[in-house]
Amino acid sequence: MSNPFVQIVEPLDPKQPLKKFFNLSKLEDVRYAHLPFSIRILLEAAVRNCDEFLVKKGDVENILNWKVMQHKNVEVPFKPARVILQDFTGVPAVVDFAAMRDAVKKLGGDPEKINPICPVDLVIDHSIQVDFNRQPDSLQKNQELEFERNKERFEFLKWGSQAFKNLRIIPPGSGIIHQVNLEYLARVVMDQDGYYYPDSVVGTDSHTTMIDGLGVLGWGVGGIEAEAVMLGQPISMVLPEVVGYKLVGNPQPLVTSTDIVLTITKHLRQVGVVGKFVEFFGPGVAQLSIADRATIANMCPEYGATAAYFPVDDISIGYLVQTGRDKEKVMCTKRYLEAVGMLRDFTNSSQDPDFTQVVELDLHTVVPCCSGPKRPQDKVAVSDMKKDFETCLGAKQGFKGFQIAPDRHNSIVKFNFEGHEFELAHGSVVIAAITSCTNTSNPSVMLGAGLLAKKAVEAGLTVKPYIKTSLSPGSGVVTYYLRESGRFFTVVLWFDVVGYGCMTCIGNSGPLPESVVEAITQGDLVAVGVLSGNRNFEGRVHPNTRANYLASPPLVIAYAIAGTIRIDFEKEPLGINASGKKIFLKDIWPTRNEIQAVERQFVIPGMFKEVYEKIETVNKAWNALDAPSDKLYIWNPKSTYIKSPPFFDGLTLALQTPKTIEGAYVLLSFGDSVTTDHISPAGNIARNSPAARYLTSRGLTPREFNSYGSRTFANIRLVNKFIDKQGPQTIHFPSGETLDVFDAAERYKQAGHPLIVLAGKEYGAGSSRDWAAKGPFLLGVKAVLAESYERIHRSNLVGMGVIPLQYLPGEDAGTLGLTGRERYTIIIPENLKPQMNVQIKLDTGKTFNAIMRFDTDVELTYFHNGGILNYMIRKMAS
């Protein structure tokens with residue numbers, strides 16, 4: 001059927017009649033001007049894609065009537081303009097596409113129908129680790145080792161870029177996915193197939209929201225959901241509430257964008273924005289650069305919202321010019337946004353739309369701060385850091401506690417490093433990393449760090465040699481402007497470039513010196529990592545840093561120089577130089593004016609053009625990779641990286657009726673805030689783990705293990721209520737034995753016993769790692785029963801056919817008296833409805849109800865098919 005809104009299509013420029021757009025102002029509906037700008041993008045996509053099948057006129061009306069329908073839990077479809085992937089989550093997506101081609105062929109269909117329909121970019125940025133640092137050739141060595149470890153993965157991705165249409169690969173060494181998206185990939189307005197329309201994106205990384213800072217509506221989805229979008233399916237979403245976040249005032253001179261985002265993160269966690277859009281407005285927004293806005297939008301997952309949107313304004317348009325975008329296209333972008341009422345003037349309050357609720361922040365009240373020691377929302381003012389850490393030392397084990405006995409708070413362990421004796425104590429900094437697109441995309445904080453480092457060296461300060469320092473920029477542009485400005489982090493401080501990728505932020509921090517690890521272990525010390533990242537969950541950054549703090553790049557350098565988190569910068573010196581002079585942080589901290597002067601002079605369009613015009617061809621090692629040309633992938637049975645997944649084994653065209661889950665055992669019982677890092681870690685593979693045993697049996701040495709993310713429930717900080725210590729183990733109840741999680745699951749599977757997982761609040765928080773759903777599925781987990789879920793992880797569970805169950809309000813394992821040692825029968829009725837209650841019976845005779853968190857009819861369709869990928873295969877094959 002033709003689009004029922006075709007009458008509002010017109011040329012943007014009468015001189016170019018073939019370049020058209022849907023002019024939403026021609027809807028002549030007064031409600032449009034009152035919609036939040038983020039909702040206008042959902043509306044435009046619905047109007048443009050309306051076919052009365054996947055997208056209906058009723059959907060358009062529901063979005064137009066947002067002010068009323070936002071409270072009705074109504075489902076709407078959304079077709080994003082494009083998809084972006086990184087390699088941790090992108091490799092599994094391409095593997096699934098390859099396996100889906102095989103499955104469609106087996107069912108008698110055309111395998112080449114399995115092909116991305118919308119533009120897809122995959123940025124390889126999660127594979128590089130900090131194996132080498134403090135050496136002039138650290139970058140080269142790390143990149144060589146990256147290729148050595150990941151050659152097979154990279155060859156597979158190169159095959160994918162040739163076998164599938166609309167799939168572009170950005171090679172390793174180019175930068176971090178979200179910074180590359182911001183500086184290069186983002187269009188703001190699409191010019192595709194003869195139409196102009198707003199750029200929008202979903203990505204298989206939760207921090208896809210960073211692009212919201214440029215005015216491109218985007219958020220993270222599970223890899224499984226992204227694959228459906230790539231195949232032309234709309235996202236089915238509940239029409240979101242939109243919280244208006246009003247910014248007023250000007251930041252104080254010493255405050256950075258990092259301080260602002262950590263303040264906002266804590267504030268919005270308190271407000272409660274899970275499942276909602278946040279849209280920024282107010283005169284304070286005009287005081288923020290695009291890089292500042294992108295920093296704030298980047299940490300959207302940490303405050304729990306779906307999106308953190310900054311509408312496009314003249315500063316956004318100026319950023320497109322600054323980053324070397326084609327000026328004629330930029331002018332078309334502005335003309336289109338003006339025509340459809342999507343260009344914002346933050347100083348004009350008459351443009352303020354309606355919001356679900358409004359909260360406000362005066363930027364002048366923000367103070368320098370960090371977040372930690374275990375969660376990004378736990379903001380601590382820099383002036384309180386010493387006191388807060390010392391309180392955490394003795395506090396009960398938890399998000400703000402390590403339960404160290406009082407008589408051990410001042411323990412000191414001496415050790416030798418490179419022929420010299422040093423001391424470690426609780427709070428000693430052993431990792432200091434300037435990392436993550438959150439901050440490396442922002443010239444103001446990066447140049448600020450460079451200026452601080454330069455002043456520190458001039459004052460005679462340095463960093464202790466055992467501290468693992470590193471600089472992993474989000475793109476080559478960063479290195480370019482730091483070098484050109486003469487503010488490159490000096491060799492004396494050893495913040496050398498170790499690679500272009502996520503690195504320490506994702507857990508690829510590499511090994512610490514053995515003598516440091518021995519000292520930490522000997523003293524059972526709470527050692528510290530300080531990083532300019534966005535995640536600091538326990539066990540993520542490094543197994544030996546129990547405390548990890550998020551901080552601005554200048555503060556990362558400051559704490560590295562101090563060597564400890566137990567310092568009051570206002571009262572204690574950073575260090576004493578060779579002349580005996582005490583040097584305080586205030587003596588070397590750069591002013592906002594200093595930073596802005598350097599930025600104006602050196603961050604120029606020419607460097608963006610020079611870096612990005614050769615981004616797809618500059619990596620010689622990538623260019624030299626040999627990839628097969630077959631349309632169907634030839635699987636290597638000996639591979640320990642790339643395997644055909646068993647998800648589609650035995651798949652038929654006929655649907656199977658969902659059955660009641662009978663007598664399930666509990667594999668694991670968790671408390672609150674179990675993250676995808678706990679479920680499916682991304683860091684190094686421990687030598688005593690089931691994964692290591694498997695790889696050893698395949699002839700690999702520990703040096704070749706690589707990381708979990710490049711290869712569940714294997715995090716060394718996993719806290720299972722069945723076990724009295726941290727670690728990836730559980731009790732196999734039929735035998736009473738304590739086993740590694742994988743080994744216990746295998747025993748249950750061999751005996752034909754289904755499994756479930758019990759959890760508290762925020763189950764699946766953290767990265768949008770689809771293997772955190774695929775892994776449990778393959779272990780035999782049929783359902784998860786939790787108090788609440790992180791949005792993306794719930795979607796991933798649905799996508800794999802794992803049932804997300806939620807306790808009724810006011811109930812949890814404690815109130816119901818559940819120990820996890822019972823056996824659970826989950827009654828699955830024939831006529832399922834979204835968010836219906838289902839009955840759970842225990843072998844003890846107890847019965848209770850829980851909510852089955854299939855939130856939409858589309859999700860129920862996926863469940864009946866055994867998951868979203870099975871649904872797509874059946875659709876393509878038939």
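All values derive from a computational prediction rather than experimental measurement.
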Run Val367 and Val382 through side-chain contact (heavy atoms from CB on, under 4.5 Å) and show every step you take. CA-CA 8 Å; Val367 298; Val382 171; over 6 Å; no

Go through it in stages, so that I can follow the logic: the residues are Lys387 and Asp568, the test is salt bridge (charged side-chain N to carboxylate O under 4.0 Å, His left out), and I'd like the CA-CA distance, side-chain angles, deciding distance and then a yes or no. CA-CA 9 Å; Lys387 179 182 177 182; Asp568 184 337; over 6 Å; no

Report the C-alpha distance between Lys386 and Ile565 in whole Å, list the side-chain angles of each, state the deciding distance to 0.1 Å, and finish with yes or no for side-chain contact (heavy atoms from CB on, under 4.5 Å). CA-CA 6 Å; Lys386 180 178 181 179; Ile565 214 79; over 6 Å; no

Derivation and outcome, side-chain contact (heavy atoms from CB on, under 4.5 Å), residues Phe415 and Val516: CA-CA 7 Å; Phe415 69 101; Val516 172; 3.9 Å; yes

Would you check, one step at a time, whether the test salt bridge (charged side-chain N to carboxylate O under 4.0 Å, His left out) holds for Arg546 with Asp524? CA-CA 10 Å; Arg546 285 155 71 183; Asp524 190 26; 2.9 Å; yes

Run the salt bridge (charged side-chain N to carboxylate O under 4.0 Å, His left out) test on Asp87 and Arg153 for me, step by step, so that the C-alpha distance in whole Å, both residues' side-chain angles and the decisive distance to 0.1 Å come before the verdict. CA-CA 9 Å; Asp87 54 303; Arg153 294 172 70 239; 3.3 Å; yes

ring-ring contact (aromatic ring centres under 6.0 Å, His included) between Phe537 and Phe399, worked out: CA-CA 9 Å; Phe537 301 125; Phe399 298 126; 9.0 Å; no

Hey, mind stepping through Thr258 and Ser552 against side-chain hydrogen bond (donor to acceptor under 3.5 Å, both in side chains) and telling me if it holds? CA-CA 5 Å; Thr258 315; Ser552 66; 4.7 Å; no

Under the side-chain contact (heavy atoms from CB on, under 4.5 Å) rule, what do Phe569 and Leu574 come out as? Steps first, then yes or no, please. CA-CA 7 Å; Phe569 288 130; Leu574 273 177; 3.5 Å; yes

Mind running side-chain hydrogen bond (donor to acceptor under 3.5 Å, both in side chains) on Thr435 and Ser472 for me, showing each step along the way? CA-CA 5 Å; Thr435 181; Ser472 48; 3.1 Å; yes

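Note: Phe608 and Tyr319 have perpendicular aromatic rings, judged against thresholds of 30 and 60 degrees for the angle between ring planes.
To the nearest 0.5 Å, atom CD of residue Gln179 and atom OG1 of residue Thr438 are 10.0 Å apart. Taken from CD1 in Ile520 to CG in Leu512, the straight-line distance is 6.0 Å, to the nearest 0.5 Å. Interatomic distance, Ile124 CD1 to Ser174 OG, rounded to the nearest 0.5 Å: 8.0 Å. Taking CD1 from Ile506 and CG from Asp205, the interatomic distance works out to 7.0 Å, rounded to the nearest 0.5 Å. The distance from the CG atom of Asp378 to the CG atom of Asn536 is 8.0 Å, given to the nearest 0.5 Å. Distance check: Glu302 CD to Ser206 OG gives 6.5 Å after rounding to the nearest 0.5 Å.
In this structure a side-chain-to-backbone donor-acceptor pair under 3.5 Å is present from Thr209 to Ala297. Without hydrogens or angle criteria, His207 side chain to Pro301 main chain gives no donor-acceptor distance under 3.5 Å. A donor-acceptor contact shorter than 3.5 Å links the side chain of Asp587 to the backbone of Phe584. With Ser509 contributing its side chain and Thr504 its backbone, the two residues share no donor-acceptor pair below 3.5 Å. Judged by distance alone, with hydrogens and angles left aside, the side-chain atoms of Asn577 form a donor-acceptor pair with the main-chain N or O of Lys581 at under 3.5 Å. Counting only distance, with no hydrogens or angles, the side chain of Lys468 and the backbone of Val130 share a donor-acceptor pair below 3.5 Å. Between the side chain of Lys374 and the main chain of Gly401, a donor-acceptor pair closer than 3.5 Å is present. The backbone N or O of Val498 sits less than 3.5 Å from a side-chain atom of Asn142, completing a donor-acceptor pair. Looking only at distances, no side-chain donor or acceptor of Asp388 sits under 3.5 Å from a matching main-chain atom of Val380. Remark: the backbone N or O of Met299 is not paired with any side-chain donor or acceptor of Asn534 at under 3.5 angstrom.
There is a side-chain donor-acceptor pair under 3.5 Å between Asp259 and Thr256. Using a 3.5 Å distance cut-off with no hydrogens or angles, the side chains of Thr89 and Thr204 do pair a donor with an acceptor. Between the side chains of Glu183 and Thr323, no donor N or O sits under 3.5 Å from an acceptor N or O. When only modelled atom types and interatomic distance are considered, Ser127 and Arg149 share no side-chain donor-acceptor pair under 3.5 Å. Donor-acceptor pairing under 3.5 Å is lacking for the side chains of Thr521 and Glu518. Side-chain contact, Asn548 with Thr545: a donor N or O sits under 3.5 Å from an acceptor N or O. For Asp292 and Asn442, the side-chain atoms include at least one donor-acceptor pair closer than 3.5 Å. Looking only at atom types and distance, the side chain of Asn133 has no donor-acceptor partner in the side chain of Ser470 under 3.5 Å away.
A heavy-atom distance below 4.5 Å is found between the side chains of Arg566 and Glu390. In this structure, Pro251 and Arg592 have side chains that are in contact, with non-hydrogen atoms separated by less than 4.5 Å. Looking at heavy atoms from C-beta onward, Cys370 lies in side-chain contact with Met385 at the 4.5 angstrom threshold. Between Leu254 and Trp589 there is a side-chain heavy-atom pair separated by less than 4.5 Å. Annotation: side chain of Glu594 is in contact with side chain of Lys455 (closest heavy-atom distance under 4.5 Å). Under the 4.5 Å side-chain criterion, counting only non-hydrogen atoms from C-beta, Tyr549 is not in contact with Ser371. The side-chain heavy atoms of Ser515 and Asn416, taken from C-beta on, include no pair separated by under 4.5 Å. Using a 4.5 Å heavy-atom threshold, the side chains of His178 and Thr208 count as touching.
Minimum heavy-atom separation, Ala547 to Val526: CB-CG1, 3.8 Å. Nearest heavy-atom pair across Val530 and Ala551 is CG1-CB, 4.0 Å. Ala449 and Ile434 get closest at one heavy-atom pair: CB-CD1, 4.4 Å. Heavy atoms only, all atoms of each residue included: Ile567 and Pro573 are closest at CD1-O, 3.5 Å. For Leu85 against Gly90, the heavy-atom pair with the smallest separation is CB-CA, 4.0 Å. The minimum heavy-atom distance between Cys369 and Thr263, with the atom names listed, is SG-OG1, 4.0 Å.
Residues Tyr184 and Tyr612 bring their aromatic ring centres within 6.0 Å. Ring-centre distance between Tyr466 and Phe422: below the 6.0 Å cut-off.
Annotation: cation-pi geometry satisfied between Arg483 and Tyr480 (NZ/CZ under 6.0 angstrom from ring centroid, within 45° of ring axis).
Sparse packing is recorded around CD of Glu514, with 12 or fewer heavy atoms of other residues, nucleotides or ligands lying under 6.0 Å away.
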